[in-house]
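Numbering of residues begins at 1 and proceeds along the displayed sequence. Because the structure is a prediction, the values reported are computed rather than measured.
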Amino acid sequence: MTGCWHRVRVHWPDGRTHDDQVRGRTAAEAVDNATANWITENPHGRADRIEYLPHPAERGDRDPENGETTT
């Protein structure tokens with residue numbers, strides 16, 4: 001997939017949230033990808049909703065797990 005990393009907030013049924021990063025060419029595509037990851041394809045439970053956080057992450061291939069960025 002091409003595009004930059006976008007920040008999203010995942011909202012869980014019990015009220016918890018966590019921030020994540022997901023790739024997308026546009027904000028809408030990033031939200032669609034996050035929805036697939038956390039709501040439709042996640043075997044560990046379904047999130048309630050995905051919130052887009054307005055500032056995209058840096059460009060390049062970013063691993064949100066450990067913060068490494070490669071160009």
Side-chain angles (χ1 to χ4, degrees):
M1 166 176 289
T2 59
C4 63
W5 288 100
H6 294 264
R7 294 175 42 226
V8 296
R9 180 162 293 141
V10 181
H11 292 264
W12 298 99
D14 65 2
R16 291 178 301 126
T17 63
H18 90 265
D19 292 353
D20 198 5
Q21 294 181 23
V22 64
R23 293 283 283 221
R25 289 180 290 263
T26 65
E29 183 178 75
V31 169
D32 287 346
N33 292 338
T35 299
N37 290 345
W38 291 109
I39 295 178
T40 60
E41 297 175 5
N42 181 13
H44 303 292
R46 293 169 55 93
D48 269 348
R49 66 185 177 93
I50 305 297
E51 173 187 3
Y52 183 78
L53 300 176
H55 302 290
E58 62 193 82
R59 294 197 179 273
D61 187 12
R62 183 173 182 80
D63 177 358
E65 190 86 7
N66 62 21
E68 290 182 8
T69 302
T70 58
T71 55

Shortest non-hydrogen contact between [X] and [Y], atoms and distance:
X	Y	value
V8	A34	CG2-CB, 4.1 Å
Y52	H6	OH-ND1, 2.8 Å
P13	A47	CD-CA, 4.4 Å
D20	W38	OD2-NE1, 3.0 Å

- request: Mark yes or no for whether N33, through its side chain, and R23, through its backbone, hold a donor-acceptor pair below 3.5 Å.
  value: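 Yes, the answer is positive, given that a donor and an acceptor are paired below the 3.5 Å cut-off.
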- prompt: Checking R46 side chain against I39 main chain: does a donor-acceptor pair fall under 3.5 Å?
  reply: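 Here the side-chain-to-backbone pair exists.
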task: Hey, can you tell me if H18 and W12 have their rings parallel, tilted or perpendicular (30° and 60° cut-offs)?
output: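 Rings of H18 and W12: parallel, as their planes differ by under 30°.
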- prompt: Does the pair L53 and D19 meet the rule for a side-chain contact (heavy atoms from CB on, under 4.5 Å), with working shown?
  reply: CA-CA 9 Å; L53 300 176; D19 292 353; 3.9 Å; yes
query: Sequence neighbours excluded, which residues qualify as side chain to side chain contact (heavy atoms under 4.5 Å, CB included) partners of R49?
result: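 Applying side chain to side chain contact (heavy atoms under 4.5 Å, CB included) to R49 gives H11, E51.
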task: First locate atom CG of D48, then atom OG1 of T17, and finally report the distance between them rounded to the nearest 0.5 Å.
output: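 Answer rounded to 0.5 Å: 12.0 Å.
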